[in-house]
Amino acid sequence: MQNECTFVLLGATGDLAKRKLIPAIYKLVADKMISKFVLVGAALSDTTIEQVLSDGKKFITGIDEQVWQKITQAAYYHQMDFHDDSAYAPFYELLQRVEQKHGLFGNRIYYLAVMPQHFAFLTRNLAQCCIVRQRDDHGNEPWSRIVYEKPFGYDLVSAQEINDSIAQVYDEKQVYRIDHYLGKELVSNIALARFTNRVFEPLWNNEHIESVQIVLSEKIGIEGRGEFYDACGALKDVVQNHMLQILSLIAMEPPEMLTAKQVRDAKAQVLKDVNVDNVILGQYKGYLQEANVNKDSQTETFAALKLTVDNQRWQGVPFYLKTGKYLKNKEASVHIKFKMVKCLLDWCPADSNYLTIKIQPDEGIYLDLNVKKPGVNNQVTPVTMDLCHSSIFGPNTPEAYETLLADVIKGDQCAFVRSDEIILSWKIIEQVQQFEKKLYAYEKGGDGPAQVKQLDSEREITWKA
Ligand code: BG6
């Protein structure tokens, strides 16, 4: 009975539901990850389940009509105003009715695919109306799990308020804060690669590593999300969550076991130790003309940060983070630069070894090595040893949301962000905001503002991406 459940999609008419969640549910059904299910969507719009599903269907490639039919036969829509207290009782009745009709046991995933200003309110109302039970038994009781989409708040204060509202009514074991980067194959590979291969851990410290770059570059702009983006900017949109999560996986101390508790303890400790050393912010030219953006907006669409992790392992190792909209390339990657070797040749290696974890595109792990130049004695040339993920494992790795929903069904919280991690990462963003707010303009399609070269006053950075 563990792999049967009701998906309750709050915000069923939104972008996330159609682009990611309905396709992810389809895949779970197609891959037989879920044996029996019901999908109940709810939102304010006066629409139908047929419309909600057909909006989502457009984002599924190679659809199997038989599988799709299974979904259409088990899907329902309920129009409701989340802020109307009286709307919850009929909604609850509907849930019970359809679960009974489809012979379901009552396991439920409540997915809050709504903006964070609704989180605290929904949290309380769902609990008060007994929709989400206040414990998560792994025994004979059906479970209720509640999923919060990002962004989790707008700042430290709002995130704390949401966390408090959750803590009042649910057990943290029921709570799944999404960061879809944690569902990406190569991000979930970081801890496994680090801790299951003897070759990495002895080198994973300031004796051997010179610096770490974490890059999340995007070719696209704000894609019609002017109002949302203008209120948050790059720091809150991707640094607070995706990039700091990647950093914490790279920098964490080896946990005793790779369990959710121990991994999240280790990541939280990194976030406690992070300090902000420098910040460069930018805005692409033309941003102020975007729809629903303030005409004198000071929102950053580019951010580069120099951070330190102040513990014994990482003392003196800068962590450089860089992200931006409308850059030359789409790439998410981590580049670990090792220190130069002592030169034993007349022609010394030109550059250090780099270990690159390519999250996207061309997912894989790449190691830059020096090897002998053919036909020439005593000279080396750099080559890249690559573990191209798709060539080895095939092109069909699951999408992040599919993986994450499967984890919620299994009750595995490892790839979800715990309440303390959320608070600690917002504190880092607060530190960043204390820096002088200079905003450098940059051209679309380039590398971001030229000033990014001055991010580290102590050394020149060669950005790998
Ligand atoms: C989202 C941000 O969290 O991540 C978007 O809100 C960004 O602005 C997106 O484009 C990037 O995710 P991905 O999976 O496309 O790299």
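Order of listing sets the numbers, starting from 1, for every ligand and every atom in it. This one's a predicted model, so the numbers in the text were calculated from it and none came from an experiment.
The Lys184 neighbourhood of ligand 1 comprises atoms 13 (P), 14 (O), 16 (O), with distances under 4.0 Å to a heavy atom of that residue. Residue-ligand proximity, His242 to ligand 1, at heavy-atom distances under 4.0 Å covers atoms 1 (C), 3 (O), 4 (O). Interface atoms of ligand 1 facing Lys150, defined by a heavy-atom separation under 4.0 Å, are 1 (C), 2 (C), 3 (O), 6 (O). Atoms of ligand 1 found under 4.0 Å from any heavy atom of Gln360 (numbered from 1 in listed order, with element): 13 (P), 16 (O).
Scanning the protein for heavy atoms near atom 12 (O) of ligand 1, the closest one is His180 NE2, 3.2 Å. For atom 8 (O) of ligand 1, the nearest protein heavy atom (residue, atom name, distance) is Arg225 NH2, 2.4 Å. Protein heavy atom at the shortest distance from atom 6 (O) of ligand 1 is Asp237 OD1, 2.6 Å. From the protein, the heavy atom lying nearest to atom 9 (C) of ligand 1 is Glu218 OE1, 4.1 Å. With respect to atom 16 (O) of ligand 1, the closest heavy atom belonging to the protein is Tyr181 OH, 2.5 Å. Looking at atom 15 (O) of ligand 1, its nearest protein heavy atom turns out to be Lys330 NZ, 3.4 Å.
Between Val279 and Leu281, the closest side-chain pair of non-hydrogen atoms falls below 4.5 Å.
Side-chain atoms of Asn241 and Gln245 form no donor-acceptor pair, as typed in the model, at a separation below 3.5 Å.
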Please lay out, stage by stage, how Lys322 and Gln213 fare under the test side-chain hydrogen bond (donor to acceptor under 3.5 Å, both in side chains).
CA-CA 8 Å; Lys322 186 174 73 157; Gln213 296 180 15; over 6 Å; no

Would you sort out whether Tyr176 and Gln413 count as a side-chain hydrogen bond (donor to acceptor under 3.5 Å, both in side chains), showing the intermediate values?
CA-CA 7 Å; Tyr176 294 75; Gln413 291 180 303; 4.6 Å; no

Worked verdict on His78 versus Phe91 for ring-ring contact (aromatic ring centres under 6.0 Å, His included)
CA-CA 7 Å; His78 186 73; Phe91 180 52; 5.4 Å; yes

Phe338/Tyr354 under ring-ring contact (aromatic ring centres under 6.0 Å, His included): CA gap, chis, key distance, verdict:
CA-CA 6 Å; Phe338 289 91; Tyr354 279 87; 8.6 Å; no

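Note: Phe416 CZ to Leu182 CG = 8.5 Å, rounded to the nearest 0.5 Å.
Heavy atoms of Tyr229 come nearer than 4.0 angstrom to ligand 1 in no pair at all. Ligand 1 has Lys325 within reach: a non-hydrogen atom of the residue lies less than 4.0 Å from it.
Ring centroid separation for the pair Trp426 and Phe152 does not come in under the 6.0 Å cut-off.
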